[in-house]
Amino acid sequence: MSLYIGGATIIVVPPADALPMARSEVQRWVQTAATALTNYFGGFPVPALRIEIASDETGKIHNGVTFEGKLIRIRLGRDTQPSDLAADWKMTHEMFHLAFPDLDEKYLWMEEGLSDYLEPLSRARIGDLTPGQVWAGFVEGMPQGQPEPGDQGLDVTHTWGRTYWGGAIFWLLADVKIREQTHNQKSVDDAIKAILSAGGDGSAKWPLDRVLSTGDRATGTTVLKDLHDQMGAAPVKVDLDGLWKKLGIRDENGKVTFDDAAPLADIRKSMTR
Ligand SMILES: [Zn+2]
């Protein structure tokens, strides 16, 4: 099947045997993720995408892989239900890899963390998640990215937690700092859009310095360079509880409520809007 979204042609190739569900459900799944990306960037980040779906005897939606800014491969297990596709984050996560350059292996945390960070924000902005769901996910997930005893900086320690959630902490902190320093006029969004506009999509291989300088120039700050100087080389334990408090996020056993009198409440609201 073919979809035309945000100026892009997306070809979805179903498995040779059979999809575990109706094609219309699969189409809606791809379409929702592509709409989140299109809304985020003001157009789909690459002109053409091929999505190859394979079936699997077991499980539900398996982890996908994105190749060179033009191909996503993902497996759907036999137990996948339409509700799993409706709640899925993995397709959106993979699509964000289309919109950011390939970096040296030791900076994989920066690519994975960015996809992890932007996926829920972009879905909230099209109404696919509520702000409460976004922040509940961050409050639960981010602590997994803190350095463990013996861990080094993000450029050195490449465990699952540091790569995915440690990378997400980096981008969250960057977003808050950019917004604080620019009176909420600029954000990580401006940095990422500038990198994409300069040709930094998933088909390009960039040195890290180019990512940091292009992003920082777009926000008129040095937040990305400064944060990488701190978190890349050495383990930095971030005061997440203090950050949630400043943003006005209260967590009561997984249920998030908001405090709009908190000092960074407006910043928090802008992130999912
Ligand atoms: Zn990924």
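First listed ligand is number 1; within each ligand, the first listed atom is number 1.
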Exercise. Does anything in residues 168-194 pair up under ring-ring contact (aromatic ring centres under 6.0 Å, His included), and if so which pairs, sequence neighbours excluded?
Worked result: W109-F170
For this session: Using the side chain to side chain donor-acceptor pair (under 3.5 Å) rule, collect all pairs that involve residues 201-215, keeping only residues at least two apart or in two chains.
Result: D201-S203
Problem set entry | No-hydrogen, no-angle side-chain donor-acceptor test under 3.5 Å, D128 and T32 | no
Problem set entry | Atoms of type N/O/S from protein, distance to the Zn ion (ligand 1) below 2.8 Å | 3
Problem set entry | Qualifying ring-ring contact (aromatic ring centres under 6.0 Å, His included) pairs, either residue in residues 226-253, two or more places apart | Y107-H228
Exercise. Under the 6.0 Å and 45° cation-pi test, does R125 pair with Y40?
Worked result: no
Problem set entry | Non-hydrogen side-chain atoms of V134 and P131 separated by less than 4.5 Å | no
